[in-house]
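Inspection log for the structure reproduced underneath, given as structure tokens.
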Amino acid sequence: MGKSALLVKGKKNNKQILLDYGAQTGREPSFPMHVQPKEIHSVLLTHAHLDHSGGVPLFFLREGVRLVTTGLSLELSILLLEDFIKLSGFYLPFEYIDLLTMEKNTERIAVNETREQLAGEFNVRFPSSGHIPGGTTVVVENEGKRVLYTGDINLQDSQLLKGADTDYGELDAVITESTYSQVDHEPREKIESDFVQFANEVVERGGILLVPAFSVGRAQEIACLLRARNFKHPVAMDGMALKANEILFRYQENLRDPELFRKAMENIEVVSGWSHRRKLVKTPSVIISPAGMLMGGASVFYNEHLALTERNGISIVAFQVPGTPGRTLLDKGLTLVNGKPAKVKAEVRRFDFSGHSGRGDLFDLISRVKGNPKVYAVHGDGSSCEKFASEITERFGYEASAPQIGDKIVV
Ligand SMILES: [Zn+2]
Ligand SMILES: [Zn+2]
């Protein structure tokens, strides 16, 4: 699953718009195929994750291009892009000031809003994606043809968000993500119950449960879940997740249950600094902290202090990229303490809280589509996209394929 970007050319005036323009993060970030800013009218951004937003500032090194996205996606993107610049700035062709130009040139739309006559020829609608707060899919209409781009999508309700809005009408083409097209998730209800039970077990045996979590979405999801299940023990939250909370507070109408969110936020202990952190690792509680893969952030500190004690626990609540400290912890039970590899003694468990639809739901999504669309499977690892495409043809009779980078498609 790499960086996502999709260039759409209109049939009327040949105007071009871009759907997402992500970055591959890592030591040396990389970007999708080069697109000249002067050749496009606008960038439409589905959501804040860097694999979709990470290259967007490249179009704002000077004025001229517009960004069209939800206000919430804009603010969360800026939060993540600032962090991206802090971590990888040396390798990036843009800097903080370009984010200001980007912000200034953004047309903020609401989830589900329709934007008519964009660039004089595109009618665009932004149905919710259920993937992360502020996230949408995009339906682009041009000269009577209608195309859906799912971005990242989740059909299921979570504690934080309602499942995707899939009322797309007739479509001529569907460009669908394929992340979990070959895997089904466990039922959400079971994952949630198992997680809360584990949290209770750890704290009640006098331990501390560390939940390394991505700042945007997953951290708040876990806090809402604990609140929804009346978790009785202290819950602390640290790092950039706290900044995301502040943004979400201003966009509560985007959440499934704003009251649950407010209660969850009132309930958490906000970590205020190093002396607070040192105190926290001595009292039984749940600590939710970025980074989600133990690469930097306060979760590294907590992990070092908690990993070598048996009564503690570590919950892995997101996909761990191979090669990250989180993945090594999960696969080998090893972690770094004071720079040296050590065998983890705390109880490590994985919970499959995904923001992406699993296999069954992706097929369900295709079955809900009206018309006789061509289907393009993207955003999965190579073989899974191809497999998913041929399965779609088998099940629904639609023409389906897994396009390669740089492929052109005529709708
Ligand atoms: Zn995403
Ligand atoms: Zn993605």
Side-chain angles (χ1 to χ4, degrees), residues 1-6 18-26 29-33 43-56 69-70 72-81 83-84 111 126-138 148-156 158 160-165 174-183 185 213-221 240-241 244 247-248 254-255 290-293 317-322 324 352-359 361-362 365 376-382 384-385 388 402-403 405:
M1 286 170 290
K3 53 225 170 194
S4 289
L6 216 100
L18 201 52
L19 311 183
D20 291 345
Y21 197 79
Q24 184 122 37
T25 55
S30 60
F31 298 98
M33 276 174 67
V43 182
L44 280 52
L45 175 65
T46 59
H47 68 288
H49 282 156
L50 290 174
D51 62 326
H52 296 255
S53 70
V56 172
T69 192
T70 63
L72 180 49
S73 286
L74 173 71
E75 295 201 32
L76 293 174
S77 298
I78 289 174
L79 179 69
L80 297 180
L81 285 164
D83 194 52
F84 192 25
V111 175
F126 298 86
S128 69
S129 68
H131 171 61
I132 61 165
T136 69
T137 56
V138 182
L148 164 69
Y149 166 55
T150 66
D152 291 344
I153 192 165
N154 187 8
L155 265 54
Q156 303 253 335
S158 68
L160 200 58
L161 295 173
K162 280 207 184 80
D165 172 4
V174 176
I175 300 156
T176 176
E177 69 135 314
S178 319
T179 313
Y180 289 103
S181 64
Q182 302 304 318
V183 193
H185 302 305
F214 194 63
S215 311
V216 173
R218 197 59 42 83
Q220 294 80 18
E221 168 77 15
M240 220 169 79
I247 297 173
L248 290 175
N254 286 270
L255 305 177
M293 298 187 221
V317 293
F319 178 75
Q320 304 290 306
V321 173
T324 59
D352 185 18
F353 286 98
S354 183
H356 295 263
S357 276
R359 177 174 168 82
D361 281 350
L362 285 176
L365 172 73
Y376 303 95
V378 297
H379 208 34
D381 67 61
S384 76
C385 290
F388 187 39
I405 290 167

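Sequential numbering from 1 along the given sequence is applied to the chain's residues. When a ligand or atom number is given, it counts from 1 through the structure's own listing order.
- Ser215 OG to Leu79 CG: the interatomic distance, rounded to the nearest 0.5 Å, is 6.5 Å.
- Within Asp51, the N/O/S atom positioned nearest the Zn ion (ligand 2) carries the name OD2.
- In His49, the N, O or S atom that comes nearest to the Zn ion (ligand 1) is ND1.
- The shortest side-chain heavy-atom distance between Leu6 and Asp20 does not fall under the 4.5 Å cut-off.
- Each of His379, His356, His131 was evaluated against His49; a single residue qualifies, His131, per the ring-ring contact (aromatic ring centres under 6.0 Å, His included) test.
- Within His52, the N, O or S atom at minimum distance from the Zn ion (ligand 2) carries the name NE2.
- Between the Zn ion (ligand 1) and His356 there is no N/O/S contact shorter than 2.8 Å.
- Summary: NE2 is the N/O/S atom of His379 found nearest to the Zn ion (ligand 2).
- Atom CG of Leu362 sits about 7.5 Å away from atom OG1 of Thr179, to the nearest 0.5 Å.
- Vertex the Zn ion (ligand 1); arms to Asp152 OD2 and His47 NE2; angle rounded to 10 degrees, 90°.
- Here the OG atom belonging to Ser354 is positioned 10.0 Å from the CD atom belonging to Gln156, to the nearest 0.5 angstrom.
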